[in-house]
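What follows is a short report on a single structure.
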Number of protein chains: 2
Amino acid sequence: MPPSGDAPSAIEHTLRVIGDRWSILIVRAALRGIRRFDDFCEDLGIARPILTERLRRLVRNGVMIKVPYQDHPVRYEYRLTDAGIALSPVLVALVRWSEEHAPGATTPTALVHAPCGTELEQAFWCRRCRTTFGPTAIRGVERRQVDGDSAADMPDAPAGH
Amino acid sequence: MPPSGDAPSAIEHTLRVIGDRWSILIVRAALRGIRRFDDFCEDLGIARPILTERLRRLVRNGVMIKVPYQDHPVRYEYRLTDAGIALSPVLVALVRWSEEHAPGATTPTALVHAPCGTELEQAFWCRRCRTTFGPTAIRGVERRQVDGDSAADMPDAPAGH
DNA sequence: ACATCTGGGTTCTGTTTTAGAACTCACTCG
DNA sequence: CGAGTGAGTTCTAAAACAGAACCCAGATGT
């Protein structure tokens, strides 16, 4: 089922990893500090066989890792990898959308910039113009092959992670 | 199936609207200019009954609108609302993730800042610190009730849409 | 030393979604 | 009047999901 004729697009690739009803919620739980099978199970209300399968897939795709946290009864817990943490922008975008476009959305927790405690915004950033902007200023252009990093006359990156 | 005990969280709300295997791809197709039933069908390779159901749900949730584009045989097309366009950050986040964390991801089109053509970045922005930052600097805090816009000593918003 | 508990699963049986192809319906065009 | 067109519906079969019960390896209590 090709999306637009060509090979699986970027979005489709990501959706194949986290595009089911549970994976994103699992990642969110993990970001909140949950690590163990039973805790995921209870926190999410997910059926056990499905949790098993999802964790396995997230591990396979490098989103989480399974690490033993004790031996004797060898027990494992699941932690986000860097790639898993890098899903945050997706989560934040989902939260923001519901906050701005939901009827009576209750949002118990706010997302803030850790150092200063100010509620964060999410924006698109143009490094050349050095400005943020909204969705209407986005355009999609064909990317030519072997594009050997043509742009090289701009000051610096947006900021440090 | 409560996620963390309380009412449906923001993420869950958004996922109930676009959290299936097709809705996001439908929105993406719409952003690329597709409007008509058969075109969605062909572009996505989605089964017709499912497309029917999804479009109906997207309309119900204010993501798209169904507008007649001719009468006599009254024919309808589907267009994104502002709320639908506001899903762009989600799409961009999904694209970016696969670009940065996929094995051999092919990305035929690049997303650029329309006015200048520079490839865009997506970042978190703190209006107080006036800086962008990455996922590791995010913290979630309990939001107290009736929070009557307590913060009022910061210059301006990140930028204009 | 036996019973019970804990944590991380697996097996089983429904129910719900999804996929795919074929069909309908209202109209237009040649 | 026969062949399209566009936007769906109606089937059927295949896959995903939910829920409860079960399993296994050790630890712990008595």
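Here is the naming used below: chain letters follow the sequence lines, and residue numbers restart at 1 for every chain.
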For this session: Identify whether any heavy atom of B/Tyr69 sits under 4.0 Å from a base atom; if not, whether one sits that close to sugar-phosphate; answer base, sugar-phosphate or nothing.
Result: sugar-phosphate
Exercise. So what does B/Phe40 hit on the nucleic acid, given a heavy-atom distance under 4.0 Å: a base, only sugar-phosphate, or nothing?
Worked result: nothing
Using whole Å, what does the distance between atom [atom2] of nucleotide [N] and atom [atom1] of [X] come to?
| X | N | atom1 | atom2 | answer |
| --- | --- | --- | --- | --- |
| A/Leu55 | C/dG8 | CG | C1' | 11 Å |
| A/Lys66 | C/dG7 | NZ | C1' | 12 Å |
| B/Asp39 | D/dG6 | CG | P | 8 Å |
| B/Leu51 | D/dA7 | CG | P | 10 Å |
| A/Asp38 | C/dG7 | CG | P | 6 Å |
| B/Tyr78 | D/dA7 | OH | C1' | 8 Å |
| B/Arg16 | C/dT16 | CZ | P | 18 Å |

For this session: At under 4.0 Å between heavy atoms, which parts of nucleotides 24-30 of chain D does protein reach? Answer with one letter per nucleotide, 5' to 3': B base, S sugar-phosphate only, - none.
Result: -BSS---
Exercise. Who else is in A/Val112's hydrophobic cluster (ILVMFWY, side-chain heavy atoms under 4.5 Å, direct or via others)?
Worked result: B/Val141
Exercise. With ILVMFWY side chains joined below 4.5 Å, transitively, what does A/Val67's cluster contain besides itself?
Worked result: A/Ile65
Once side-chain hydrogen bond (donor to acceptor under 3.5 Å, both in side chains) is applied, do any residues pair with [X], and if so which ones, sequence neighbours excluded?
| X | result |
| --- | --- |
| A/Arg21 | none |
| B/Asp39 | none |
| A/Arg75 | none |

Exercise. Charged N to carboxylate O under 4.0 angstrom, B/Glu121 versus A/Arg127?
Worked result: yes
Exercise. Are A/Glu99 and A/Arg96 ion-paired here, with the side-chain N under 4.0 Å from a carboxylate O?
Worked result: yes
Dump every N/O contact between nucleotides 9-17 of chain D and the protein below 3.5 Å, one line per pair.
unit_1: D/dC17; atom_1: OP1; unit_2: A/Arg54; atom_2: NH2; d: 3.0
unit_1: D/dC17; atom_1: OP2; unit_2: A/Arg54; atom_2: NH2; d: 2.3

Side chains of residues 81-94 of chain B: which donor-acceptor pairs under 3.5 Å do they make with residues two or more places apart or in other chains?
unit_1: B/Thr81; atom_1: OG1; unit_2: B/Gly62; atom_2: O; d: 2.6
unit_1: B/Thr81; atom_1: OG1; unit_2: B/Val63; atom_2: O; d: 3.0
unit_1: B/Thr81; atom_1: OG1; unit_2: B/Ala83; atom_2: N; d: 3.3
unit_1: B/Thr81; atom_1: OG1; unit_2: B/Gly84; atom_2: N; d: 3.1
unit_1: B/Ser88; atom_1: OG; unit_2: B/Ile85; atom_2: O; d: 2.6

Problem set entry | Which residues share a side chain to side chain contact (heavy atoms under 4.5 Å, CB included) with A/Asp20, sequence neighbours left out | A/Trp22, A/Ser23, A/Arg54, A/Arg57
